[in-house]
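Structure record follows, encoded as structure tokens.
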Amino acid sequence: MGTDRANSDVGKARTSTSVGTATTAAVPPAVCPADLLKPVLGRLYGVAMLSVVTAVATVIPLLCVIEIADHAGDESHTRLWILAGILVIAAAIKGAASAGAGFYGHVIDNDVQLYLRSSLIAHIRRVPLGWIDSRRSSGIVAGVEGDVASVHHMVAHTVHETVVAILVPVISLVALFIVDWQFALIAVVPVIVTFLVMAVMLSTGAQKQQTYNRANENMAASVVEFVRGISVMKAFNVTAAGMDRYADRRRSLVEAWSDWSRQSNVYLALIDILTSPVTILLMMCAVGVGQTREGTPIGLIAGIVLGLGLAASIVAAAMNSEALISGISALGAIAEVLSTEPVPEPAEPVNLGGAGPLDATVVMEDVTFGYGAGDPVIQGISIEFAAGTTTALVGASGAGKSTVATLLARFHDPTTGRITLGGHDLREVATGDLYRHIGVVFQDPLLLSMSLRDNIRISRASATDDEIMDAARRAHIADDILNLPNGLDTVLGVEVELSSGQAQRVAIARAFVTRCPVLILDEPTAYADPDSEESVRAAVAELSRDRTVIMIAHRLSTVAGAAQIVVLDSGRVVERGRPEDLLKNVEGHYAKLWRAYGADAEISASAAPIDAIGGDGDS
């Protein structure tokens, strides 16, 4: 059961419909947790049938023991030998059926694990980046790994153990009623009370399980945040604040676990008392005192034998209940993820590269966008990014620069308006085709734990070593590669750790290999160390040639050569034009930003002289 099967089973209800020039997708129906097990439901019935055989074969030896006790005084031992043979055969059948159910359950679980992980990964690849940001990486890992792992016990063990735990008491009680109804009534009391206690435990435990899962996810996020931010916290002497946040989430996790565990332990202790051998023996003996039948208290023997077996099955079911709660909760969490609306794919995608050279002009037409139900963060923006030119997006923090960039890269779709590439709405282009034409270089590039060669050619696996090294030379990282232990075969994160500037240049080399005509840069020099900043700037300048470049500029000194500056404020375009023209308007937003960040411009003067953008040196 592979990815294709997973996609078809879980995603078959999702459809795309064309509306005007854009493509939208119907909101996916909520995925029912039980539906996730439908692909293996038939085989789970097979496990259940083996479990029925196990349950029957479990009770038969007990009945044989009762019969042997009842006929122990017979002169002929033939009956006893027959009963002994039946006992041995039943025990062998029980062992074989139980082992078969366990093995088959684990085979099914293996397929379920593959199916769920494939479905989750396939769906997460299609959801908007904003959803991923809101979930945080720790939450996604918890879903793909933790939740899926929690389903294991329910599929591999719970079906078999639950069927046996239910049928053994039922069959035992029926047999006990046939032998002696008084002892049967006594035996049924702890069974009824135990199942009532279990029902309460299951109903109240599910919510506590969810609370614990959320606390565990927050704790994992806190650890990641603390580890990644430790250098910043130390630099600003705020490690205590980071520790306090970690301690708060740790406390919440402990409280959630304690609450869940305390409730479970109380109920399990009560079940243990109700079903303990001592309790069963006392109840049976209390009724059996004085009862005999020709000197043999057969009812008492049957009550003790079947009653103790009854108790053991109930305890097994009770101990299995927490795993059942975890599995049900995990299926609910997985279903919630799979119900998230994906980025719509066009029903009939256009082929960007199919009709000659692509016009790499990007246009935003009256675009409005908001996250969720809140106020729009981008309001009625219209911008043309001319082919082969560089446009810089500038503005104060929170102005909407990064949001515009994510819309241009189609990490989100506009609420209203449209964005076109070469005259085609981005929603008309298949995702795979789109990212062969639009590349993104983030501030903090992610390098995977694999060879440097595979990191650079990640977007085009067919790239040769000559193409990779050519891209590396143009990205000013070739010399660094040659100095690595194994050159392009060096495994990042294992054999070597690159500096932030080197990592940024590897990301730029990726963009060269991709050969995309449109490039979105999120201030690539932001995290570069002083020694490599010049190399990163040179690599960016080389990468920007003959491409449509949209750059988010945090350092105004980096946009001196831009053909167009777009100034954003509160999600609106407030100014646009060439840098030298915008600086002439001393009361304009850009001029004010320049004066506010003038120190940065002066420090970076060697890379971007002020006179290159028309300034007089006093700005």
Side-chain angles (χ1 to χ4, degrees), residues 125-126 129 343 345 349-362 385-391 405-411 419-422 424 426 428-478 480-481 488 490 492 498 501-525 528 535-552:
R125 289 176 57 190
R126 299 167 55 217
L129 183 64
V343 174
E345 288 288 343
V350 299
N351 186 354
L352 288 178
L358 173 70
D359 175 10
T361 298
V362 179
F385 305 92
T389 66
T390 296
T391 298
T406 59
L407 290 169
L408 292 170
R410 213 197 165 200
F411 294 158
I419 301 172
T420 64
L421 170 58
H424 300 289
L426 297 188
E428 295 179 332
V429 183
T431 301
D433 191 23
L434 181 66
Y435 293 122
R436 282 190 287 272
H437 293 83
I438 296 180
V440 184
V441 177
F442 295 104
Q443 281 186 22
D444 187 11
L446 175 65
L447 300 183
L448 305 179
S449 294
M450 54 188 185
S451 71
L452 189 54
R453 174 188 291 102
D454 290 335
N455 265 282
I456 293 176
R457 69 179 182 183
I458 192 169
S459 61
R460 189 163 67 89
S462 61
T464 65
D465 282 1
D466 288 340
E467 290 175 316
I468 292 171
M469 288 308 298
D470 178 63
R473 281 188 289 272
R474 298 172 71 185
H476 294 258
I477 191 66
D480 300 74
I481 293 174
L488 288 174
T490 302
L492 302 185
L498 300 184
Q502 289 174 319
Q504 193 62 266
R505 281 176 279 156
V506 170
I508 292 171
R510 283 177 179 168
F512 276 119
V513 169
T514 304
R515 300 172 179 172
C516 49
V518 179
L519 188 64
I520 300 170
L521 301 175
D522 187 2
E523 187 55 276
T525 62
S535 296
V536 174
R537 287 181 185 274
V540 169
E542 174 69 18
L543 184 61
S544 301
R545 292 178 184 173
D546 303 321
R547 283 182 171 86
T548 304
V549 177
I550 300 107
M551 179 186 294
I552 299 176

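Scope of the values below: all heavy atoms of this structure, side chains included, with no hydrogens, waters or symmetry mates. Numbers here simply count residues along the sequence, with the first being 1.
- Although no hydrogens or angles enter the test, the distance criterion places a donor-acceptor pair under 3.5 Å between the side chain of Arg510 and the main chain of Asn455.
- With rounding to the nearest 0.5 Å, the separation of CG in Leu421 from CZ in Phe385 is 12.0 Å.
- In this structure, the side-chain contact (heavy atoms from CB on, under 4.5 Å) partners of Arg473, at least two apart in sequence or on a different chain, are Met469, Asp470, Ala478.
- Taking CD from Gln504 and CG from Leu521, the interatomic distance works out to 8.5 Å, rounded to the nearest 0.5 Å.
- Expressed to the nearest 0.5 Å, how far CD1 of Ile438 lies from CZ of Arg410 amounts to 10.0 Å.
- Shortest non-hydrogen contact noted between Ala387 and Asp359 is CB-OD1, 3.9 Å.
- Considering only heavy atoms from C-beta on, Ile481 comes within 4.5 Å of Leu488 through its side chain.
- Contact between Pro517 and His437 at its shortest, heavy atoms only, is CD-O, 3.1 Å.
- Smallest separation of non-hydrogen atoms from Leu448 and Leu492: O-CB, 3.9 Å.
- Contact of the Val513 side chain with the Ile458 side chain is not registered, since no non-hydrogen atoms from C-beta on lie closer than 4.5 Å.
- Taken to the nearest 0.5 Å, the CD1 atom of Ile550 stands 8.0 Å off from the CG atom of Leu519.
- Expressed to the nearest 0.5 Å, how far CE of Met551 lies from CG of Asp522 amounts to 10.0 Å.
- In this structure, the separation between CD1 on Ile520 and OG1 on Thr406 is 8.5 Å, given to the nearest 0.5 Å.
- Not a single donor-acceptor pair under 3.5 Å links the side chain of Thr361 to the backbone N or O of Ala386.
- Residues Ala509 and Ile477 approach most closely at CB-CG2, 4.5 Å, considering heavy atoms.
- Glu467 is listed as a side-chain neighbour of Arg515, based on a closest heavy-atom distance under 4.5 Å.
- Across all non-hydrogen atoms, the minimal contact from Phe512 to Ala475 is CE1-N, 3.8 Å.
- Looking at every heavy atom in both residues, Arg505 comes nearest to His476 through NH1-O, 2.6 Å.
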